[in-house]
*Asks:* 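Before anything else, here's the structure in question.
A quick note: this is a predicted structure, and the numbers were derived from the prediction, not measured.
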Amino acid sequence: MHKKLFIPGPIEVHPDILSAMATPMIGHRMKEYAELHGRVTTGLKSVLFTEGPVFLATSSAFGVMEGAIRNLVGKRCANFCNGAFSDKWHDVTLRCGKEADAIRFDWGTPVTAEAVERTLATGKYDSMTLIHNETSTGVMSPLPEIAEVMRKFPEVMFIVDTVSSMSALKIPVDELGIDSCIFGVQKAFALPPGLAVFTASEKALKRAAGMEGRGYYFDFCEFAANDVKNNTPSTPCISLIFALDCQLKKMFAEGLENRWARHNDLAVYVRGWLMDRGFNSFPAEEYRSQTLTCSRNSRGIDLASLKKNLDEAGFAFDDGYGKIKGETFRIAHMGDMTRTDMNELFGAIITILPDLA
Ligand SMILES: *Cc1c(COP(=O)(O)O)cnc(C)c1O
């Protein structure tokens with residue numbers, strides 16, 4: 001039996017997308033691939049609001065997150081950390097042999113523009129990493145405010161992970177001045193995992209060109225050189241790119257604004273349902289994610305048992321991540337989900353825990 005995914009990644013994949021994955025194979029040096037690549041990257045530029053190049057890498061998000069470090073961090077990197085994924089990005093930065101500091105915030109709180117300004121004003125850094133939507137805690141940091149502060153530090157590379165937010169709300173990459181915006185497709189894009197998308201500003205490509213030790217597989221310069229031919233440095237996951245082509249068509253058919261509105265509606269709906277039942281939000285109100293709800297286990301329910309029962313009923317449910325497992329639980333509402341899907345999950349929860357009806 002297929003268990004419907006309500007975990008925050010990978011996300012439930014629509015049958016249309018799964019069918020697109022079964023498209024007969026083409027060669028990546030054939031003109032059919034260049035057409036596909038050109039169409040997909042053009043579509044992505046509209047979703048990301050960028051006129052710069054958009055690259056396709058065959059890896060999960062962390063491949064490119066590591067790549068960005070190797071290509072863009074010269075002097076020292078400020079890793080802003082407010083959850084498990086941003087903590088891991090700091091660790092990855094150190095493992096790449098780069099000088100870096102973790103600027104830590106309590107889990108459940110956002111990265112603030114003030115802290116970014118205070119940190120970068122020391123002049124110690126030539127790069128910074130930010131996770132827009134910390135999937136481990138359900139916190140969305142105030143990207144526009146941080147972007148405003150970043151204008152004062154043009155020498156600092158602004159590297160942003162939008163894995164669980166891109167396409168769920170407007171993230172205008174060029175207007176925000178993001179030097180490299182990175183996401184994997186298995187979260188907000190609701191595709192199977194294995195493909196990462198990223199941008200590189202002119203400034204970023206210039207920095208990369210002078211950087212030692214960028215390796216090969218995630219060398220931004222290799223991506224740029226191949227992009228002009230609508231191609232990738234090595235063989236891409238073509239089936240996933242067929243899926244992305246299909247998903248972009250679906251996004252444009254729905255309309256980006258409608259997609260943002262649907263995500264907002266779902267976020268409000270899920271929070272409301274939980275709050276009506278006495279569950280408090282883990283993040284502060286104004287920083288709650290648009291794509292997943294991380295709730296405190298305020299009613300002290302046995303989350304492991306709920307997870308097990310939901311599993312048997314055909315639903316994959318998340319009982320918290322890392323050090324807040326058991327204390328919190330997370331419900332994803334991103335990608336192609338609708339209120340009907342959420343009601344299906346809520347119905348199953350009530351069947352298991354009738355007190356929550
Ligand atoms: C899931 C997730 C990642 C990890 O990506 P992989 O695709 O597993 O490498 C990174 N950042 C955020 C915000 C995520 O939600």
*Asks:* As an exercise, state the distance from OG1 of T119 to CD1 of I103, rounded to the nearest 0.5 Å.
*Replies:*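 Going from OG1 on T119 over to CD1 on I103, the span is 4.5 Å.
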*Asks:* Rounded at 0.5 Å granularity, tell me how far CZ in F6 sits from CG in D341.
*Replies:*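 Separation between the atoms: 5.5 Å.
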*Asks:* Which side-chain hydrogen bond (donor to acceptor under 3.5 Å, both in side chains) pairs, counting each pair once, include a residue from residues 344-357, with sequence neighbours left out?
*Replies:*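 For residues 344-357: K4-E344.
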*Asks:* Kindly write out the residues that satisfy ring-ring contact (aromatic ring centres under 6.0 Å, His included) with Y33, not counting sequence neighbours, or none if the list is empty.
*Replies:* H37
*Asks:* Suppose clustering is done on Ile, Leu, Val, Met, Phe, Trp and Tyr with side-chain heavy atoms closer than 4.5 Å. Which residues sit in the same group as W107?
*Replies:*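 Grouped by the 4.5 Å side-chain rule, F282, I324 form the rest of the cluster around W107.
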*Asks:* Tell me the salt bridge (charged side-chain N to carboxylate O under 4.0 Å, His left out) pairs involving residues 70-86, sequence neighbours left out?
*Replies:* R76-E99, R76-D101
*Asks:* Show which side-chain atoms of residues 236-243 pair as donor or acceptor with protein atoms under 3.5 Å away, not counting sequence neighbours.
*Replies:*
none

*Asks:* Enumerate the side-chain hydrogen bond (donor to acceptor under 3.5 Å, both in side chains) contacts for residues 320-330, please, sequence neighbours excluded, ordered by first and then second residue.
*Replies:* D318-R330, D319-K325
*Asks:* Between W273 and R277, is there a cation-pi geometry (under 6.0 Å to ring centre, at most 45° from the normal)?
*Replies:*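 Yes, R277 and W273 form such a contact.
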*Asks:* Using residues 180-198 as the side-chain source, report each donor-acceptor pair under 3.5 Å to any protein atom, sequence neighbours left out, with the distance given to one decimal.
*Replies:*
residue, atom, partner, partner atom, Å
S180, OG, T199, O, 2.8

*Asks:* With sequence neighbours left out, write down each residue that passes ring-ring contact (aromatic ring centres under 6.0 Å, His included) with F279, or none if nothing qualifies.
*Replies:* F329
*Asks:* For H28, check ring-ring contact (aromatic ring centres under 6.0 Å, His included) against everything at least two apart and list the hits.
*Replies:*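 Checked H28 against ring-ring contact (aromatic ring centres under 6.0 Å, His included); zero matches.
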*Asks:* Going by side-chain heavy atoms closer than 4.5 Å, which hydrophobic residues are tied to M1, directly or by a chain of links?
*Replies:* none
*Asks:* Partners of R271 by salt bridge (Lys or Arg N to Asp or Glu O under 4.0 Å), sequence neighbours excluded?
*Replies:*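 Scan of R271 (salt bridge (Lys or Arg N to Asp or Glu O under 4.0 Å), adjacent residues dropped) gives none.
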*Asks:* Please go through L94's hydrophobic cluster and name the other residues, only I, L, V, M, F, W, Y counting, with side-chain heavy atoms under 4.5 Å joining them.
*Replies:*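 Members alongside L94: none; it stands by itself.
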*Asks:* So do the side chains of D87 and R104 get within less than 4.5 Å of each other, counting heavy atoms only?
*Replies:* yes
